[in-house]
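To start, the structure under review is shown below, and the notes come after it.
All values below come from the heavy atoms of this structure, side chains included, with hydrogens, waters and symmetry mates left out. Please read these numbers as outputs of a predicted model, since none were measured by experiment.
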Amino acid sequence: MARKDQITGKGPMSGNHVSHSNNKVRRRFNVNLQKKRFYIPEEDRWVTLRVSAQTIKTINKKGISAVLKEARQQGMLV
């Protein structure tokens, strides 16, 4: 499974690790992904999603229904 947020599509980025002697080596910045269950009251069911910690904060603020609605409007298959 790709290391991507299932709602936002956010994935890992790449950059340089720079040593003290200024040697540069490519490295990968992973997203803080968490597997979490959410209850959707309108559909009366639970869904398990792999989402980033930032997306969990957004869901706690707006609600799972609003976040899923926005994701579907943007073309994400959720």
Quiz item: Other hydrophobic cluster members with Val25, side-chain heavy atoms of Ile/Leu/Val/Met/Phe/Trp/Tyr under 4.5 Å, chained?
Solution: none
Quiz prompt | Side-chain heavy atoms of Leu49 within contact of Lys36, under 4.5 Å | solution = no
Exercise. Walk me through it: do Ile7 and Ile59 pass the test side-chain contact (heavy atoms from CB on, under 4.5 Å)?
Key: CA-CA 10 Å; Ile7 292 183; Ile59 290 171; 3.9 Å; yes
Self-check item: Separation between OG1 of Thr8 and CD of Gln74, rounded to the nearest 0.5 Å
Solution: 9.0 Å
Quiz item: Looking at Lys4 and Gly9, what are the two nearest heavy atoms and their distance?
Solution: CD-O, 4.0 Å
Quiz item: Does some side-chain heavy atom of Pro12 sit less than 4.5 Å from a side-chain heavy atom of Arg28?
Solution: yes
Quiz item: Is there a side-chain contact between Asp44 and Tyr39 (heavy atoms, below 4.5 Å)?
Solution: yes
Quiz prompt | Within 45° cone and under 6.0 Å: Arg27 NZ/CZ vs Phe29 ring | solution = yes
Self-check item: Side chain Asn32, main chain Ser52, donor-acceptor under 3.5 Å
Solution: no
Self-check item: Distance-minimising heavy-atom pair for Val31 and Arg3
Solution: O-NH2, 3.3 Å
Quiz item: If you look at every heavy atom in Thr48 and Arg37, which pair is closest and at what distance?
Solution: OG1-CG, 3.3 Å
Practice problem: Apply side chain to side chain donor-acceptor pair (under 3.5 Å) to Arg45 and list each qualifying residue two or more places apart in sequence or on a separate chain. | Solution: Glu43
Quiz item: Does some side-chain heavy atom of His17 sit less than 4.5 Å from a side-chain heavy atom of Arg26?
Solution: no
Exercise. Please round to the nearest 0.5 Å and tell me the distance separating atom CZ of Arg50 and atom CD of Gln34.
Key: 9.5 Å
Quiz item: To the nearest 0.5 Å, how far apart are CG in Leu33 and NZ in Lys10?
Solution: 9.0 Å
Quiz item: Do Ile40 and Val47 have side-chain heavy atoms sitting under 4.5 Å apart?
Solution: yes
Quiz item: Rounded to the nearest 0.5 Å, what separation is found between the CD1 atom of Ile64 and the CH2 atom of Trp46?
Solution: 11.0 Å
